[in-house]
Structures are given as C-alpha cells and as structure tokens.
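Below is one structure, written out as structure tokens; comments come after it.
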Amino acid sequence: MIFEQKEIQLQPYKRGYHSITNFVLDKFPEIKKIEKGFFKVFIKHTSASLTINEDADPSVRVDFESHFNKMIPENAPYYIHTYEGSDDMPAHLKASVLGCSIEIPITNGRLNLGTWQGIYLCEHRNYGGARKLVLSAFGV
C-alpha cells in the first residue's frame with residue numbers, strides 16, 4: 001500500500017468557479033506511483049468549496065456562479081452572521097452545499113476522470129485570499 005499526502009496553497013482567486021485540475025496534478029506528481037487507488041482533495045476553509053464538473057467550456061463555471069448567487073443570495077434579511085460582509089454567510093452556505101472534499105479514482109498513475117470532468121475551486125468570497133488544500137493519494 002502506498003500513501004502520499006501533502007498540503008498545498010493556492011494563489012488567491014477572485015470570486016467564482018475556477019479549474020484547478022492541472023495545478024493540483026503539477027503539485028502532486030506522486031500520484032504516478034499508484035496503479036489503482038484513490039485521490040482525495042480537502043479544502044481547509046469554510047467559505048470556499050470543491051466540486052467536479054465540466055472542464056471543457058468555461059461558460060459552465062460562469063453559470064455556476066450565476067445560479068448559486070440566485071439560489072443563495074446576499075443580504076437576506078434573516079442572516080445573523082454578517083460580521084465580515086454581505087458575502088460571508090452566503091459563502092458558508094454555498095460551501096456546505098457543495099462540500100469540502102472530493103474523491104477521484106486513480107488508474108495507472110492518472111486520475112480516472114470522465115472526458116469532460118475537472119476539479120473546481122469554488123471561491124465564494126469577494127476577497128477569500130489564498131486557500132489551503134490537503135492532497136492525499138493511496139492505493140497499490
């Protein structure tokens with residue numbers, strides 16, 4: 001059994017949905033050691049999230065931002081947690097809906113993603129800053 005793990009830091013991204021697949025793979029060449037296994041990515045923040053979706057057409061990521069902003073609006077009158085601005089509570093809600101981790105099979109030293117799939121960083125704050133990810137790969 002092989003187990004590799006490291007923590008990386010992403011550059012600050014503007015609010016929105018960003019493809020980070022290639023960046024993550026560049027920072028984690030150890031994945032090539034694993035013939036069959038799993039790759040997990042965990043984000044250490046409560047106002048950003050991770051998801052997997054279409055990575056071919058950037059308009060998908062724009063539509064994600066538009067839809068989530070309608071579904072979870074800013075300045076709802078019932079929000080109590082507003083100390084850090086109008087994007088704060090909606091960011092926490094969006095992060096909980098999408099989640100803080102993803103898992104992808106590894107096959108022959110590569111992520112076994114579908115043809116159009118990629119990893120998104122979902123930045124829900126206007127000024128979220130640098131985000132930390134924990135990358136873990138295990139298998140044989």
N-O pairing of Glu54 and Arg61 below 4.0 Å: no
Aromatic ring pairing Tyr17/Tyr120, orientation class (parallel under 30°, perpendicular over 60°, tilted between): perpendicular
Member of Ile72, Asn69, Asn75 meeting the side chain to side chain contact (heavy atoms under 4.5 Å, CB included) criterion with Pro90: Ile72
Pairs touching residues 62-73 that satisfy salt bridge (charged side-chain N to carboxylate O under 4.0 Å, His left out), sequence neighbours left out: Arg15-Glu65
Lys94 NZ to Phe64 CZ distance, which is reported to the nearest 0.5 Å: 12.5 Å
Close side-chain approach of Leu121 to Ile43, heavy-atom, < 4.5 Å: yes
Output a table of donor-acceptor pairs, distance under 3.5 Å, between side-chain atoms of residues 102-116 and any protein atom two or more places apart or on a different chain; print 'none' if there are none.
from   : atom 1 : to     : atom 2 : distance (Å)
Glu103 : OE2    : Lys40  : NZ     : 3.1
Thr107 : OG1    : Asn112 : ND2    : 2.8

Distance in Å, Glu74 CD paired with His124 NE2, rounded so as to fall on 0.5 Å steps: 12.0 Å
Under 3.5 Å side-chain donor-acceptor pair for Asp57 and Ser59: yes
From Thr46 atom OG1 to His92 atom NE2, the distance as rounded to the nearest 0.5 Å: 4.5 Å
By side chain to side chain donor-acceptor pair (under 3.5 Å) - contacts of Lys6 (at least two apart): Glu30
Check against side-chain contact (heavy atoms from CB on, under 4.5 Å), Tyr127 and Asp87: CA-CA 9 Å; Tyr127 304 102; Asp87 66 334; 5.9 Å; no
Name each donor-acceptor pair under 3.5 Å that joins a side chain in residues 130-140 to protein atoms two or more places apart or in another chain, with its distance.
from   : atom 1 : to     : atom 2 : distance (Å)
Arg131 : NE     : Glu123 : OE1    : 2.8
Arg131 : NH1    : His45  : ND1    : 3.3
Arg131 : NH2    : Ser47  : OG     : 3.2
Arg131 : NH2    : Glu123 : OE1    : 3.3
Arg131 : NH2    : Glu123 : OE2    : 2.8
Ser136 : OG     : Gln5   : NE2    : 2.7

Heavy-atom side-chain proximity of Phe39 to Ile34 below 4.5 angstrom: no
Reported CD-to-NZ distance for the pair Glu4 and Lys32, which is rounded to 0.5 angstrom: 13.0 Å
Stepwise side-chain contact (heavy atoms from CB on, under 4.5 Å) check, Leu50 with Phe42: CA-CA 8 Å; Leu50 300 168; Phe42 174 81; 5.8 Å; no
Counterpart residues, side chain to side chain donor-acceptor pair (under 3.5 Å), relative to Lys44 (two or more places apart): Glu7
Results of ring pair (Phe, Tyr, Trp, His ring centres under 6.0 Å) for Tyr83 - residues two or more places apart only: His81
Verdict with supporting geometry, Glu84 and Arg125, side-chain contact (heavy atoms from CB on, under 4.5 Å): CA-CA 10 Å; Glu84 295 179 40; Arg125 296 298 308 267; 3.3 Å; yes
Ser101 and Val41, any side-chain heavy atoms less than 4.5 Å apart: no
Side-chain (Ser86) to main-chain (Thr82) donor-acceptor, under 3.5 angstrom: no
Contact check, side chains of Asn53 and Gln117, non-hydrogen atoms, under 4.5 Å: no
Smallest separation among heavy atoms of Pro73 and Tyr79, with atom names: O-OH, 3.0 Å
Joint hydrophobic cluster, Ile52 plus Ile31, side-chain heavy atoms closer than 4.5 Å: yes
Pairwise distance CD(Glu35) to CD1(Ile2) - rounded to 0.5 angstrom: 9.5 Å
Over 12 non-hydrogen atoms of neighbours within 6.0 angstrom of CZ in Phe3: yes
Same apolar cluster: Leu98 and Ile119, side chain cutoff 4.5 Å: no
